[in-house]
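Okay, structure first, notes after.
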Amino acid sequence: MPGWTASDIPDQSGRTAVVTGANSGIGYVTARELARRGARVLLACRSEARGRAAEELLRREVPGAQVEFAPLDLADLASVREFAAGFDAGHGALDLLVNNAGVMALPYGRTVDGFETQIGVNHLGHFALTGLLLPHLLRAPGARIVSLSSGFHALGDVDLTDLHGERGYRRWIAYGRSKTANLLFVHELSRRLAAAGSDLVAAAAHPGYADTNLQTAAAKQEGRRVTERVMGFANVVIAQPAASGALPTLYAATAPGVRPDAFIGPKLGWRGAPVPSWRAKWTLDDASAAALWSASEQLTSVSYGLGAQR
């Protein structure tokens, strides 16, 4: 594994992938490298303008790439259901789902369905999407689901008594909890898939500190120009390029031997080649994972049809 690069990605010909948030940053690089290896890739993006621009750029960078933009707003469950219905109508098996899209440290807000924005987009939107696409994934031999977490999951465990931050909102704690939710989701999904006898692999990854627009989005949204400049400067001086930050995702998505519930990140924590990553003990807690799963099913009205037997 040490030194693994995009050139080590196995041939992806004949495989279909969905990458959320594929219009920029880690998501764009992930989609591009999968397409470069022959995969057919759906760019699932909220903004049609940015999604179509990314599709056009990717076709220029990878001549002959099989890529297609499809609208998906993870902050709106109706949009998630519409995306899944479109996939049902136009596609068969799904070999790879990369739950990449996310928001970070935003001011308090609510999604269309009333969820706190960070838990709503980063976890609940992807929970619903994965469940709705699960029948397609189960039909594909060797299929994988990769969910993007972050080292910031260490900021806190999920608080199911205040999932939407109504008792007091701290943006970075809320972000950390949403990233913990990603890991608990993968943990419980892996357990349920194993109990069902499925070979579908659910794994997680994190990019370390990568130069993307995620760091500056909140400051830009709020007009905090000094913070935006500082974060932009840090991206240039400290962060690794997005192409390097995407390697843990690409490893988890394509490398042979990735085990269920694996968590892949950069070797040094914030940068470097992909290796198994440290994770907080609460992200492996069976009771917390099961409780979050139950709450997520109730909030999204999406059931996976996988038994909960223990």
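Below, all heavy atoms of this structure are taken into account, side chains as well, without hydrogens, waters or symmetry copies.
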(request) Can you see which heavy atom on S150 is nearest to which on Y175, and at what distance? (result) CB-OH, 3.6 Å

(message) Taking the basic N atoms (NZ, or NE/NH1/NH2) and the acidic carboxylate oxygens, is any pair closer than 4.0 Å for D159 and R167?
(response) yes

(message) I'd like to know if the side chain of Q118 pairs up with that of Y169 as donor and acceptor (distance under 3.5 Å, no hydrogens or angles considered).
(response) yes

(request) Name all residues meeting the salt bridge (Lys or Arg N to Asp or Glu O under 4.0 Å) criterion together with E297; count only those two or more places apart in sequence or in a different chain, and write none if there are none. (result) none

(message) I'd like to know if D261 pairs up with R279 as an ion pair, taking the criterion as any Lys NZ or Arg NE/NH1/NH2 lying under 4.0 Å from an Asp or Glu carboxylate oxygen.
(response) yes

(message) Can you give me the closest heavy-atom contact between G3 and A273, atom names plus distance?
(response) N-CB, 3.4 Å

(message) Any non-hydrogen side-chain atom of T254 less than 4.5 Å from a side-chain atom of L34?
(response) yes

(request) Would you mind checking if E61 and R32 are paired as a salt bridge, meaning a charged N to carboxylate O distance below 4.0 Å? (result) yes

Just list the side-chain donor-acceptor pairs under 3.5 Å for residues 87-97, sequence neighbours left out, or say none.
from, atom 1, to, atom 2, distance (Å)
D88, OD1, H136, NE2, 2.4
H91, ND1, R40, NH1, 3.4
D95, OD2, T16, N, 2.8

(request) Walk me through it: do W278 and H206 pass the test ring pair (Phe, Tyr, Trp, His ring centres under 6.0 Å)? (result) CA-CA 11 Å; W278 172 86; H206 78 90; 9.5 Å; no

(request) Considering only NZ, NE, NH1 and NH2 on the basic side and carboxylate oxygens on the acidic side, decide whether E56 and R52 come within less than 4.0 Å. (result) no

(request) Ignoring hydrogens and angles, state whether a donor on the side chain of W282 or T180 is under 3.5 Å from an acceptor on the partner side chain. (result) yes

